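Notes for the one structure printed next.
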Amino acid sequence: MKKLDFYTTHHQFYIVDEVHVSPDGHNFWNEEAFFERMPVSDGIIGISTASYGPIKGSFQIFNSTQALDDTSKFDHIVDGCLTISSGKIQILDCPDSDVIYEISADNGNYCVRLYSSNLNIQDEDEGGDFHRIEIWPTDNPFNRKVIKQFNPQR
């Protein structure tokens with residue numbers, strides 16, 4: 001497991017195929033994708049964060065499907081599908097698209113599961129939310145599946 005600890009802005013970061021083409025941001029971050037906290041396009045997945053700055057989390061790639069963890073431990077859980085054609089999966093910050101982490105992967109389709117916790121942070125500039133990312137190969141590509149929807153406390 002790789003620990004993630006980096007800085008990003010605009011409440012987002014990305015998981016991408018190294019040769020992805022950046023999508024039109026307005027269509028990519030549409031209302032549904034924004035609500036479900038994970039826009040998905042060809043070779044790119046966006047991750048919505050509560051923090052506007054410091055991000056903490058973990059990243060792990062597996063060889064097979066992973067069982068769903070106890071949903072009560074998390075605010076939001078969503079799966080997305082990422083197609084890899086370059087042999088590399090990267091995590092990029094926003095807005096500079098600096099490579100935060102890179103790992104080699106066989107070409108093909110991957111399920112990307114995002115577990116997010118502590119999304120009701122008090123100070124978005126200080127951070128505090130946590131994002132656990134699990135990735136494994138899938139033979140059944142799909143767009144996005146919300147397992148547990150976050151509803152902010154107002």
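Worth saying up front: this structure is predicted, and the values here are computed from it rather than measured.
Here the CZ-CG distance, from Phe150 to Asn120, works out to 4.0 Å after rounding to the nearest 0.5 Å. Here the CD1 atom belonging to Ile47 is positioned 10.0 Å from the CD1 atom belonging to Ile55, to the nearest 0.5 angstrom. One distance of note links CD1 of Ile100 with OH of Tyr14; it measures 13.0 Å at 0.5 Å rounding. We find the NE2-CG distance between His76 and Asn151 to be 9.5 Å, quoted to the nearest 0.5 Å. Rounded to the nearest 0.5 angstrom, Thr9 OG1 and Glu124 CD are separated by 11.0 Å. Put simply, CG on Asn27 and OG on Ser41 are 9.5 Å apart, with the number rounded to the nearest 0.5 Å.
Checked against the 6.0 Å centroid threshold, Phe13 and Phe6 count as a close aromatic pair. Not less than 6.0 angstrom separates the ring centroid of Tyr115 from the ring centroid of His131.
With contacts defined as side-chain heavy-atom distances shorter than 4.5 Å, the pair Tyr110/Trp136 does not qualify. Residues Phe35 and Val146 form no side-chain contact, since every pair of their non-hydrogen atoms from C-beta on lies 4.5 Å or further apart. Counting only heavy atoms from C-beta outward, the side chains of Leu92 and Val99 approach each other to under 4.5 Å. Ser22 places none of its side-chain heavy atoms less than 4.5 Å from the side chain of Phe28. Leu114 has its side chain out of reach of Ile77: every pair of non-hydrogen atoms, C-beta onward, lies at least 4.5 Å apart. With contacts defined as side-chain heavy-atom distances shorter than 4.5 Å, the pair Ser116/Asp129 does not qualify.
Environment of CG in Asp70: crowded, with over 12 heavy atoms of neighbouring residues, nucleotides or ligands closer than 6.0 Å. The number of heavy atoms from other shown groups lying within 6.0 Å of CG (Asp42) does not exceed 12. The environment of Asp139 atom CG is sparse: at most 12 non-hydrogen atoms of other residues, nucleotides or ligands sit within 6.0 angstrom. By the neighbour-count criterion of 12 heavy atoms within 6.0 Å, atom CG of Asp125 is densely surrounded, having more than that number from other residues, nucleotides or ligands.
Residues Glu126 and Pro54 share a closest heavy-atom pair of O-CG, 3.3 Å. Closest heavy-atom contact between Cys111 and Phe142: SG-CZ, 3.9 Å. For the pair Gly128 and Asn118, the tightest heavy-atom approach, listed with the atom from each and the gap, is O-ND2, 2.7 Å.
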- request: Decide side chain to side chain contact (heavy atoms under 4.5 Å, CB included) for Ile147 and Leu68; before the verdict, give the C-alpha distance in whole Å, the side-chain angles of both, and the deciding distance to 0.1 Å.
  value: CA-CA 9 Å; Ile147 298 166; Leu68 184 63; 3.7 Å; yes

task: Would you check, one step at a time, whether the test side chain to side chain contact (heavy atoms under 4.5 Å, CB included) holds for Lys2 with Gln60?
output: CA-CA 6 Å; Lys2 166 73 175 161; Gln60 193 164 4; over 6 Å; no

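Donor-acceptor pairing under 3.5 Å is recorded for the side chains of Asp17 and Ser85. Side-chain contact, Thr83 with Asn109: a donor N or O sits under 3.5 Å from an acceptor N or O. Remark: the Gln90 side chain and the Glu102 side chain contain an N/O donor-acceptor pair separated by less than 3.5 Å.
Test Arg37, Arg113, Arg144, Lys148 against Asp79 for salt bridge (charged side-chain N to carboxylate O under 4.0 Å, His left out) and you get one pass: Arg113. For the pairing with His11, the ring pair (Phe, Tyr, Trp, His ring centres under 6.0 Å) check across Trp29, Phe34, Tyr52 returns one residue only, Tyr52.
Ile89 and Ile45 fall within the same hydrophobic cluster, where Ile, Leu, Val, Met, Phe, Trp and Tyr residues are linked whenever their side-chain heavy atoms come under 4.5 Å apart, directly or through other members.
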